Engineer: 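A single structure is presented below for examination.
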There are 2 protein chains.
Amino acid sequence: MVLDADIPSVTGVLRYVPLFAGLTTEQLHSVAGLAEARRLKAKQSFLRQGSSADVIYVVLGGQIRVSEITSDGHEIIYRFIGPGQMIGGMAAVGGMTYPINAQAVRESSLLAWRTDAIQRLMRQHPEIALNAMRLMVQRIEELQRRCLELATEQVRQRVAHTILRLIGQHGRRVARGVLLDLRLSRQDLAKMAGTTLYTASRLLNIWKRRKIIAFDTGRILILRPHELVRLADGPTPEEVPPASNDLAAPV
Amino acid sequence: MVLDADIPSVTGVLRYVPLFAGLTTEQLHSVAGLAEARRLKAKQSFLRQGSSADVIYVVLGGQIRVSEITSDGHEIIYRFIGPGQMIGGMAAVGGMTYPINAQAVRESSLLAWRTDAIQRLMRQHPEIALNAMRLMVQRIEELQRRCLELATEQVRQRVAHTILRLIGQHGRRVARGVLLDLRLSRQDLAKMAGTTLYTASRLLNIWKRRKIIAFDTGRILILRPHELVRLADGPTPEEVPPASNDLAAPV
DNA sequence: CGCGCCTTTGAATTTAATCAATTAGTGTGG
DNA sequence: CCACACTAATTGATTAAATTCAAAGGCGCG
């Protein structure tokens, strides 16, 4: 119930959290006053589908993996969440259950508000409710885009789109291109794109051979993002010319 | 700008609209006072993806088809909307563009509120904002379920799930089963389930032969909903026994 | 009655999943 | 620091699923 950091410093962090955008310092203080801190170990899962949605979280540091599992064991990963982002927004309206699982990928720290606290805050500061709605609209749009992709595109395009989306959310510009700073297994990527581990691996290696991407200690480095956009958009197969002289230096 | 029906009667209708649930009669009056009526002819499209989201609608009567079209011409149908339901919720937060197209399937009548009006109402009656969030959460959950289906299920299951979802939203209990009271072409169904017209047609006819469904003047009659649930859930192919004596009476 | 649209069905083709086997990479403890 | 164990990734071969293409059939509507 008690915050393990002092309220002013938490306030400073909240200033850059979209859910609390537009609030004054005073208002942020009152928000911070109701927060509870939570620290998670790697692989620790803290939000389970079906359990009652009574806490809303904001990620301060680390990385969270949001997924859903079907009754027959299939899993889909919806997204990876990083600092500043909200999770468990459905707790803002009472009486719901979480529709997703959330698990820390690496050690992470969060702030948490109980349903009653966040509802009190929304009543006091309607700006928060509007922000929450804005975020929900964004989620709806993202989910619709994914439905569209899953329904109309082939796997190649979906995997490309998935990587592009991840770049947008977690990419870091580096010398040789854009680094996707996530520890993302082929299996994870497959579960985001709605395909299999094998197909994802094959595609990535084709693109590696074409020098569109490179692998760097398990992370993906996008050398030519524009090419990836082409792959994502167009129905242009164009296989790599039969693996010519491939004596290239290791990336 | 002016309502073509009198405010009290509109108030009576709004009483059963989820977006305005929990409001007093007085409050409903003030909501009705800001409404504009709109009437649509069949096939008329009134909300286009990309245009600025400045009006929120509630359907009074008729049927609306909500879809999105990709740059390369593929279309996905998200849902069909009937009386009492809201559309264009993203207009409740300013500065967005609609992510979807909406078109009247048959002649329909709507109520409309401009962004400024609905925001004023939400400020006056925070209950509306909470209701809107509740509806958005529902949409998020529905979209997630569809992503999950599209990503992990085979076409047979997706088509079955699509029909089941439509039953839940538009089904009417009749003597022989549940009637899906929509004029829904094979193409429409395919565009909802993320498959092709041909595959959808094949599946429906297999199920017709198995007496799980029947066709009634273009509409679908579900004779054995439970069977459809089995098809949707389980990976149980079980083809129809080689079309034995099929001298059955026409459905 | 005939025209257009939607639907059904067959056959060929393509795509991606599945299965199987190997290889690479990562971390751990001796 | 190296050997070992374990997990993740690659790749080939096969199979299954669904799309695509093609053609015929049915139904409603003017």
Side-chain angles (χ1 to χ4, degrees), chain A residues 42-43 72-76 105-106 149-160 162 182-210 213-220 231 235-240 242-243 246 250-251, chain B residues 42-43 72-76 105 149-160 162 182-191 193-210 213-220 231 235-240 242-243 246 250-251:
Chain A
K43 310 224 166 161
D72 59 323
H74 280 109
E75 185 181 32
I76 180 175
V105 175
R106 51 176 94 135
E149 290 173 11
L150 286 165
T152 68
E153 295 180 351
Q154 25 203 101
V155 170
R156 171 174 44 80
Q157 300 176 274
R158 299 207 303 267
V159 172
T162 302
L182 292 173
R183 201 160 267 278
L184 184 78
S185 70
R186 303 289 182 267
Q187 183 63 267
D188 284 345
L189 188 59
K191 283 176 176 175
M192 295 194 83
T195 180
T196 62
L197 152 62
Y198 309 104
T199 302
S201 175
R202 273 182 244 272
L203 286 169
L204 289 185
N205 281 288
I206 291 172
W207 297 341
K208 186 178 92 170
R209 263 169 250 139
R210 289 210 231 166
I213 63 173
F215 304 143
D216 175 50
T217 336
R219 295 172 305 180
I220 299 177
L231 285 165
T236 353
E238 286 175 39
E239 206 48 40
V240 63
D246 223 0
V251 284
Chain B
K43 310 224 166 162
D72 59 321
H74 279 109
E75 185 180 33
I76 180 175
V105 175
E149 289 173 12
L150 286 165
T152 67
E153 295 180 352
Q154 25 203 101
V155 170
R156 171 174 44 80
Q157 299 175 274
R158 299 208 302 267
V159 173
T162 301
L182 293 173
R183 200 160 266 277
L184 184 77
S185 71
R186 303 290 181 266
Q187 183 63 266
D188 284 345
L189 189 60
K191 282 177 177 176
T195 181
T196 61
L197 151 64
Y198 309 104
T199 303
S201 175
R202 271 181 246 271
L203 286 170
L204 289 185
N205 281 289
I206 290 172
W207 298 341
K208 186 178 92 171
R209 261 169 252 138
R210 288 210 232 165
I213 63 174
F215 304 144
D216 174 51
T217 337
R219 295 171 306 179
I220 299 177
L231 285 165
T236 353
E238 286 174 40
E239 207 47 41
V240 62
D246 221 1
V251 283

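A, B, ... follow the sequence lines: proteins, then strands. Residue 1 opens every chain. Just so it is clear, the model here is predicted, and its values are computed rather than measured.
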Engineer: Does B/Arg202 get its side chain close enough to the base of D/dT20, under 3.5 Å, for a donor-acceptor pair?
Structural biologist: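 Such a pair exists between side chain and base.
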Engineer: Under 4.0 Å: is that the gap between some side-chain N or O of A/Arg209 and OP1 or OP2 of D/dT11?
Structural biologist: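 Yes, within the criterion.
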Engineer: Using a strict threshold of under 4.0 Å (side-chain N to carboxylate O), is an ion pair present between A/Glu153 and A/Arg158?
Structural biologist: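 Salt bridge flag = no for A/Glu153 with A/Arg158.
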Engineer: Could you list, one pair per line, each protein nitrogen or oxygen that sits under 3.5 Å from a nitrogen or oxygen of nucleotides 22-29 of chain C, together with the distance?
Structural biologist:
none

Engineer: Answer yes or no: does a side-chain N or O of B/Ser201 lie under 4.0 Å from OP1 or OP2 of C/dT7?
Structural biologist: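 Looking at the OP1 and OP2 atoms of C/dT7, neither is under 4.0 Å from any side-chain N or O of B/Ser201.
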Engineer: Heavy atoms under 4.0 Å, any strand shown: does B/Ser185 hit a base, just sugar-phosphate, or nothing?
Structural biologist: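 Counting heavy atoms under 4.0 Å across all strands, the contact made by B/Ser185 is with sugar-phosphate only.
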Engineer: For C/dA17, does OP1 or OP2 lie under 4.0 Å from any side-chain N or O of A/Thr199?
Structural biologist: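 Yes.
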Engineer: If I take atom CD in residue A/Gln154 and atom C1' in nucleotide D/dT19, what distance separates them, rounded to the nearest angstrom?
Structural biologist: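 Between C1' of D/dT19 and CD of A/Gln154: 10 Å.
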Engineer: Within 45 degrees of the ring normal and closer than 6.0 Å to the centroid, is that where the cationic atom of A/Arg209 sits relative to A/Phe215?
Structural biologist: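 That pair does not qualify as a cation-pi contact.
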Engineer: More than 12 heavy atoms of other residues, nucleotides or ligands under 6.0 Å from CZ of A/Arg183: yes or no?
Structural biologist: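 Result for CZ/A/Arg183: open.
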Engineer: Choosing from C/dT7, D/dT10, C/dA16, which nucleotide comes nearest the side chain of A/Arg186?
Structural biologist: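 Closest of the options to the side chain of A/Arg186: D/dT10.
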Engineer: Report yes if a side-chain nitrogen or oxygen of B/Asn205 is closer than 4.0 Å to either non-bridging phosphate oxygen (OP1 or OP2) of C/dT7; otherwise report no.
Structural biologist: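 The answer is no; no side-chain N or O of B/Asn205 sits under 4.0 Å from OP1 or OP2.
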